[in-house]
Amino acid sequence: MDHVQDTPTPPGAEGLLRVARAAANLAVAAADHATDAVCHSRSGSTVRLEEAMHAAHAQALEAEKYAGWAAGWQAEGTGEYVLRRYATSAADAAVRAQAAAGVEMTAAALRSQLEQEPTAQEHAERESQRRREEAQQEAEERAATGLDADNRHQAWMNAYYAKSAVPELGWTAGHVRVLEAAATGRLYWRDKQARQATQHGQWEGGRKISGERARALYGARFLVDTRQADGTLVLTPSPMGQVALELARLHPEGLHATDQDAYQARYARAAKRHHRSDDKKAAARRLPPLDNIVLRLYRRPVTLAELELRAQRDAAEQWEDEGGYCPGVQTPRPAAEAVAEPTTITVRPSVPASPAASSGRELLRRLFAPRRAARPTRDPLRTVVRRPRRTLTPEERRTVQDVPLLNFQGALIMGLVDPVPNASPMSEAEGAWVREHAWAAHFSTVDSKYPWGFFRWAMCERGVCWNCLANRCDLCVHRQKGGPDVDDNCDWVYGSTGRVVARLILRADDAPCVWWCRCSCPKAGPEAERKRAPAAAPTPASDEAPPASPPRQRVAQHASQGALF
């Protein structure tokens with residue numbers, strides 16, 4: 001096999017450096033040869049030789065430039081393909097320099113070496129080497145940070161957001177300390193003073209916290225309060241406050257040194273030329289909220305340990321929901337398909353399905369089951385539908401009383417003071433997570449103004465009307481109008497911008513989605529006709545409904561309770 005010529009392999013990084021340097025040397029030699037030709041010329045016209053000399057010198061400078069870039073390639077930290085491009089450009093310049101000088105084209109051999117494609121084995125070896133290097137680098141970064149690549153990128157983005165968001169908050173280190181005390185769950189307000197309790201649940205004594213900063217953070221919705229049975233208000237960070245605290249920890253350089261510096265920064269940001277001086281000062285005393293874009297884009301990085309625990313929990317829940325592995329048992333078909341063609345399916349009786357999975361299947365059956373045959377519908381305006389009435393607890397009464405008067409009146413008119421939720425496969429915690437992370441900002445803004453929310457209630461979930469709450473059952477809205485306001489039995493799916501994108505059918509049994517006042521007073525019949533005349537209705541028990549006192553009386557109640565701010 002001696003007659004077989006070995007095929008030269010493409011050069012690696014060191015070979016590429018040698019090719020670039022050799023190409024530069026050949027180009028310089030060609031330029032020198034052209035210069036010597038002009039100097040030793042004895043003819044009277046040297047225009048052609050001078051043009052060749054200038055062209056060769058230009059190409060020599062080009063080859064030296066790329067050779068110099070190739071020499072500093074490793075310091076730039078770029079890929080090997082960049083070095084190959086530098087070497088190729090240097091070889092091309094050397095070929096053009098030799099062609100201009102009229103010398104032997106020895107640089108073409110360098111160009112042919114670079115044009116050779118690697119074999120499949122060489123390509124596989126290079127790819128394996130690259131993957132090993134990437135895996136080693138990823139392992140080192142995971143050991144150093146405890147995060148995977150996606151969460152490291154999220155942490156880097158959070159730090160980037162913090163550099164722009166923290167200075168705009170106008171905070172000092174004292175505001176961060178107040179939020180850190182609230183994050184412990186032991187910050188409380190009593191007797192116009194904020195304190196951090198020594199133990200959770202013991203709202204007596206403890207370290208004093210700046211009341212002025214606590215008021216400012218509470219007014220900007222960075223803190224929320226929870227009233228205890230003894231009247232103590234426990235302050236905890238809101239979702240926006242938690243994000244702002246994390247950003248402030250990521251970029252402490254954005255905090256101001258003193259309260260005066262923070263005030264001046266807020267004044268310069270909030271002051272407008274057409275505002276009065278008092279308005280400018282009042283705007284500077286208020287803390288601005290966190291930027292909505294930063295609040296939406298911030299995500300807490302999840303560590304590798306948390307990812308492992310989450311994977312184990314999800315695997316266990318999936319195993320329980322699916323009932324484990326049962327060979328030889330058919331998978332149950334959807335409910336709609338089972339209705340069309342009944343089939344006997346053997347199910348493992350010893351491992352029942354979880355309540356969450358059963359409720360999820362029931363919800364899917366109700367949403368996607370085929371419509372039933374048409375049947376005579378009742379007149380919802382003349383048919384009394386009795387639904388249970390909600391009884392508010394003392395804590396819920398205080399929540400209703402703390403709502404601003406305008407929103408309180410709107411909740412009374414729409415029956416949202418004491419709504420009664422229907423059965424749902426989603427828990428309250430899951431619903432709160434959806435409202436916090438999935439809802440658009442305009443939904444949360446309107447929903448937060450009402451004691452129990454606005455968009456989360458259907459027509460049939462509304463409670464008692466405002467006349468019945470005021471003990472004027474003779475003026476019940478449904479008795480006066482002869483029946484309830486009938487909804488169109490549908491709802492709408494909104495996009496992230498608030499526009500309607502689809503129609504959602506909520507009820508598949510042709511039942512009207514209406515609001516019947518949940519008061520026990522008669523809505524129709526001879527007794528209702530007999531009671532239409534104004535009469536003093538009996539006073540309901542104190543635990544049946546929230547008080548519907550007039551505005552002045554509610555203002556007096558707020559003043560007597562000694563509200564926080």
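In this text the structure is predicted, and so the values were computed from the model without any measurement. What you see below is based on every heavy atom in this structure, not just the backbone, and it leaves out hydrogens, waters and symmetry mates.
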* Any residue meeting ring-ring contact (aromatic ring centres under 6.0 Å, His included) with Phe454, in chain and number order, not counting sequence neighbours -> Tyr450
* **Pairs touching residues 255-268 that satisfy salt bridge (charged side-chain N to carboxylate O under 4.0 Å, His left out), sequence neighbours left out** => Arg213-Asp259
* Go through the steps to decide whether Asp279 and Arg276 satisfy the test salt bridge (charged side-chain N to carboxylate O under 4.0 Å, His left out), and finish with yes or no. => CA-CA 5 Å; Asp279 295 339; Arg276 298 184 307 166; 3.4 Å; yes
* Applying salt bridge (Lys or Arg N to Asp or Glu O under 4.0 Å), name anything that partners Asp36, two or more places apart in sequence or on another chain. => none
* Asked: Which distance, rounded to the nearest 0.5 Å, do you find between the OH of Tyr267 and the NZ of Lys280?
  -> 4.5 Å
* Structure fact -> Residues passing the salt bridge (Lys or Arg N to Asp or Glu O under 4.0 Å) test with Arg296, sequence neighbours excluded, are none
* Please lay out, stage by stage, how Glu306 and Arg310 fare under the test salt bridge (charged side-chain N to carboxylate O under 4.0 Å, His left out). => CA-CA 6 Å; Glu306 293 174 344; Arg310 181 183 301 177; 5.7 Å; no
* Using modelled atom types only, decide if a donor and an acceptor are shared between the side chain of Arg142 and the backbone of Leu147 within a distance under 3.5 Å. => no
* **Over 12 foreign heavy atoms within 6.0 Å of NE2, His40** => no
* Exercise: do His57 and Thr35 side chains pair donor with acceptor under 3.5 Å -> yes
* Applying salt bridge (charged side-chain N to carboxylate O under 4.0 Å, His left out), run through Glu134 and Arg130 and close with a yes or a no. => CA-CA 6 Å; Glu134 291 180 354; Arg130 184 185 63 82; 2.6 Å; yes
* Asked: Would Glu246 and Arg300 pass as an ion pair if we require N to O under 4.0 Å?
  -> no
* Are the aromatic ring centres of Tyr161 and Trp156 under 6.0 angstrom apart? -> no
* Stepwise side-chain hydrogen bond (donor to acceptor under 3.5 Å, both in side chains) check, Gln154 with Arg299 -> CA-CA 7 Å; Gln154 184 63 49; Arg299 294 291 184 274; over 6 Å; no
* For Glu428, enumerate each residue passing the salt bridge (Lys or Arg N to Asp or Glu O under 4.0 Å) test, keeping only those at least two apart in sequence or located in another chain. => Arg435
* To do: Not counting sequence neighbours, which residues clear salt bridge (Lys or Arg N to Asp or Glu O under 4.0 Å) with Glu62? List them please.
  => Lys65
* Gln129: which of Arg131, Glu133, Glu125 passes side chain to side chain donor-acceptor pair (under 3.5 Å) -> Glu133
* Asked: According to the interplanar angle, ranging from 0 to 90°, do the rings of Phe222 and Trp171 count as parallel (below 30°), tilted (30 to 60°) or perpendicular (above 60°)?
  -> perpendicular
* Asked: Is there side-chain contact between Leu83 and Leu16, with heavy atoms separated by less than 4.5 Å?
  -> yes
